[in-house]
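Inspection log for the structure reproduced underneath, given as structure tokens.
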There are 2 protein chains.
Amino acid sequence: MNQSSAPCLTQGCGDCPIRHRAVCARCEPDELQLLDEIKYYRTYEAGSHIIWAGDRMDFVGSVVSGIATLTQTMEDGRTQMVGLLLPSDFVGRPGRDGAAYDVTATSDVMMCCFRKKPFEQLMVRTPHIAHRLLEMTLDELDAAREWMLLLGRKTAREKIASFLSIIARRDASLNLRTAKGALVFDLPLTRESMADYLGLTLETVSRQISALRKDGVIELEGKRHVIVPDFDRLLEEAGDDSDGGMLA
Amino acid sequence: MNQSSAPCLTQGCGDCPIRHRAVCARCEPDELQLLDEIKYYRTYEAGSHIIWAGDRMDFVGSVVSGIATLTQTMEDGRTQMVGLLLPSDFVGRPGRDGAAYDVTATSDVMMCCFRKKPFEQLMVRTPHIAHRLLEMTLDELDAAREWMLLLGRKTAREKIASFLSIIARRDASLNLRTAKGALVFDLPLTRESMADYLGLTLETVSRQISALRKDGVIELEGKRHVIVPDFDRLLEEAGDDSDGGMLA
DNA sequence: ATTCTTGCTTGATCTACGTCAAATACGTGC
DNA sequence: GCACGTATTTGACGTAGATCAAGCAAGAAT
């Protein structure tokens with residue numbers, strides 16, 4: 001169907017999707033075998049918690065399929081999403097014992113896990129794994145800071161437009177174009193989860209999506225299927241500097 | 001005066017303040033010498049830009065003295081702070097060429113810089129530097145995510161209280177207690193910069209500080225000098241789970 | 001002393017978004 | 001087909017915080 005679901009057996013990484021190589025892209029065959037030895041798969045049902053904040057976490061790993069979220073919740077129930085995990089995204093903090101956030105499967109999720117202790121030992125022996133992890137963490141930090149601008153300074157409409165463009169970008173595997181060049185993808189979250197992502201209420205999310213639809217910025221088929229006839233227009237609505245053609 | 005201004009000559013790190021050892025804490029003497037060879041100091045005047053977003057960045061380093069901020073600005077001028085750099089904090093992204101954000105000196109700043117190329121080479125040879133950087137980056141990511149909860153879900157009053165407790169915590173070097181056990185510190189930012197930190201306007205910042213003062217949560221001497229008679233009370237106002245006694 | 005400048009406070013009003021409440025749509029099982 | 005549960009939309013209204021607009025305080029320059 002597309003490269004993201006292609007197995008990476010050639011990399012010695014079992015049946016993980018290709019970007020899972022994030023961790024083992026430059027490993028030697030013997031290192032890959034060590035990774036395979038400490039690897040296992042787990043599945044989680046939609047709605048179930050993968051980890052609770054504060055739990056001891058004895059693995060690191062990648063999402064193979066499905067969607068998971070990282071969230072923080074205040075005592076009175078207000079919650080803010082702080083991470084969105086799509087297939088191939090990495091979870092876990094080598095060198096840390098506890099989980100800092102709740103990790104929840106919002107759809108059925110399959111994880112590819114590495115037992116943490118041996119993974120950390122492997123890290124010591126194979127410096128490029130540490131480098132790759134540093135790189136991934138810097139990427140996450142960049143994403144978090146972009147997100148902070150969104151949360152602190154953008155209007156509700158800009159937040160929605162930004163979210164749509166972020167999903168279109170990240171979910172590249174699902175990106176398709178119609179004959180006319182319109183961009184097409186599915187929303188991976190409910191309105192409520194989008195609200196938690198954007199620091200809004202679900203009602204405001206719904207209203208702003210309706211408004212963008214009315215103004216012709218997007219089209220909807222059903223509740224989740226989005227068509228973006230003009231991606232640059234969407235970026236304008238998002239208030240982003242038009243870096244423009246990253247999908248050109 | 002306090003440990004933060006004590007030189008760390010014993011670590012072979014020149015006259016950098018002690019937490020600068022972040023990078024070189026576990027280095028062998030010969031590695032430290034290599035660090036010294038690629039090290040230089042630079043000063044920046046209050047208000048001047050250290051780096052502009054997008055600039056090539058040919059160094060990494062630590063703040064030795066003064067305060068600097070990381071900010072993002074939208075085309076229409078709305079700005080969001082995404083990082084606050086106090087003495088001993090690290091700046092720079094090994095492996096990345098460009099700066100992602102504006103870095104501004106909000107007071108006179110002295111930086112201790114390492115030339116990036118040789119620093120990266122050193123990183124390859126000394127794995128514990130890479131590990132330390134990963135650890136620091138994970139810390140920053142945690143801080144960013146805490147910050148996201150603040151931006152997305154907290155009220156103005158909670159934001160101010162959170163900010164005060166964060167400063168009290170980070171600025172540990174300046175923490176003092178009065179005879180009665182009240183916590184005392186100085187605000188490192190103007191009201192406007194606080195507003196950029198918190199996703200508010202400077203007027204709202206001012207009003208909420210006044211309100212906290214009126215309610216006895218804090219006392220003020222002048223505009224910047226803060227006295228917190230009861231730190232737990234402040235934490236309650238911040239809406240944080242009372243992890244309580246981190247300063248007990 | 002006096003004017004300027006910069007940072008801060010306070011007041012009056014406005015508005016974007018939240019809150020509360022009631023439909024509507026879409027499955028899924030019977 | 002029909003009942004039921006969940007996700008979503010839409011409406012009416014309230015409010016936290018933004019905006020606009022005056023002051024005020026304290027240091028620096030004249």
Side-chain angles (χ1 to χ4, degrees), chain A residues 45-47 67 69 74 76-80 106-107 150-164 186-215 218-226 237 239, chain B residues 45-48 67 69 74 76-80 106-108 150-164 186-215 218-226 237 239:
Chain A
E45 275 184 22
I67 312 281
T69 63
M74 296 172 68
D76 61 4
R78 283 175 282 175
T79 90
Q80 175 64 52
T106 62
S107 68
L150 178 150
L151 290 171
R153 293 304 189 193
K154 289 190 177 178
T155 64
R157 171 184 265 243
E158 288 169 338
K159 286 179 176 181
I160 298 290
S162 298
F163 177 76
L164 294 175
D186 282 298
L187 294 174
L189 298 177
T190 64
R191 300 291 186 262
E192 184 175 20
S193 292
M194 287 177 62
D196 287 341
Y197 187 114
L198 299 170
L200 297 170
T201 59
L202 63 92
E203 292 94 331
T204 298
V205 170
S206 179
R207 274 186 252 272
Q208 296 298 334
I209 289 181
S210 298
L212 288 176
R213 186 166 47 69
K214 192 151 52 91
D215 297 346
I218 59 171
E219 289 156 38
L220 279 178
E221 266 168 27
K223 311 295 186 184
R224 297 288 194 94
H225 193 69
V226 180
E237 293 284 352
Chain B
E45 275 184 22
S48 67
I67 313 280
T69 63
M74 295 172 68
D76 61 4
R78 283 175 281 174
T79 91
Q80 175 63 51
T106 62
S107 68
D108 288 342
L150 177 150
L151 290 171
R153 293 304 188 192
K154 289 191 177 179
T155 65
R157 171 184 263 243
E158 288 169 338
K159 285 178 175 182
I160 298 290
S162 298
F163 177 75
L164 295 174
D186 283 299
L187 294 173
L189 298 177
T190 65
R191 301 291 187 263
E192 185 175 19
S193 291
M194 288 177 61
D196 287 340
Y197 187 113
L198 299 169
L200 297 171
T201 60
L202 65 93
E203 292 96 330
T204 299
V205 170
S206 178
R207 274 185 251 271
Q208 295 299 334
I209 288 180
S210 299
L212 287 175
R213 185 167 46 69
K214 191 151 51 92
D215 298 346
I218 59 172
E219 289 156 38
L220 278 180
E221 266 169 28
K223 309 296 188 184
R224 297 287 195 95
H225 193 69
V226 180
E237 293 283 354

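Order of the sequence lines sets the chain letters (A, B, ...), proteins ahead of strands, with each chain counted from 1.
Looking at B:D108, its side chain does come within 3.5 Å of a backbone N or O of B:A46 through a donor-acceptor pair. Distance alone, capped at 3.5 Å, places no donor-acceptor pair between the A:R224 side chain and the A:D186 backbone. Counting only distance, with no hydrogens or angles, the side chain of A:R191 and the backbone of A:K223 share a donor-acceptor pair below 3.5 Å.
Minimum interatomic distance between A:K159 and A:G199 (heavy atoms only, all atoms of both residues): NZ-O, 3.7 Å.
Residue A:S206 is classed as a base contact, given a heavy-atom separation below 4.0 Å to a base. Residue B:R78 is classed as having no contact, given no heavy-atom separation below 4.0 Å to the nucleic acid.
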Under 3.5 Å between N/O atoms: give me all the protein pairs with nucleotides 20-28 of chain C, atom names plus distance.
unit_1, atom_1, unit_2, atom_2, d
C:dC20, N4, A:E203, OE2, 3.1

Could you write out each protein N or O paired with an N or O of nucleotides 14-17 of chain C at a distance under 3.5 Å?
unit_1, atom_1, unit_2, atom_2, d
C:dC17, OP1, A:A156, N, 2.9

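Take the nearest nucleotide of DNA chain D for A:V205 and for A:R153: the residue whose nucleotide is more 5' is A:V205.
Taking every nucleotide of DNA chain D with any atom under 4.0 Å from a non-hydrogen atom of chain A, the first and last of them, 5' to 3', are D:dT8 to D:dA12.
B:D215 pairs by the salt bridge (Lys or Arg N to Asp or Glu O under 4.0 Å) definition with B:R157, not counting sequence neighbours. Every salt bridge (Lys or Arg N to Asp or Glu O under 4.0 Å) that A:R78 has, sequence neighbours left out, goes to A:D76, B:E158. In this view, A:E203 satisfies the salt bridge (Lys or Arg N to Asp or Glu O under 4.0 Å) rule with no residue, not counting sequence neighbours. For the side chain to side chain contact (heavy atoms under 4.5 Å, CB included) test, residues two or more places apart in sequence or in another chain that qualify with B:S162 are B:L150, B:K154, B:A238, B:D240. The ring pair (Phe, Tyr, Trp, His ring centres under 6.0 Å) test applied to A:Y197 returns A:W147, A:F163, not counting sequence neighbours. Under the side chain to side chain contact (heavy atoms under 4.5 Å, CB included) criterion, B:T106 pairs with B:I67, B:T69, B:L189, not counting sequence neighbours.
How far OG1 of B:T204 is from CD1 of B:I160: 8.5 Å, rounded to the nearest 0.5 Å.
Helix bend of the helix from C:dA1-D:dT30 to C:dC30-D:dG1: the angle between its two end axes, each built from five pairs, comes to 30° after rounding to 10°.
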Run the side-chain contact (heavy atoms from CB on, under 4.5 Å) test on A:D196 and A:Q80 for me, step by step, so that the C-alpha distance in whole Å, both residues' side-chain angles and the decisive distance to 0.1 Å come before the verdict. CA-CA 5 Å; A:D196 287 341; A:Q80 175 64 52; over 6 Å; no
Scan the side chains in residues 205-214 of chain A for donor-acceptor partners under 3.5 Å anywhere in the protein, sequence neighbours excluded, and list what turns up.
unit_1, atom_1, unit_2, atom_2, d
A:S210, OG, A:S206, O, 3.1

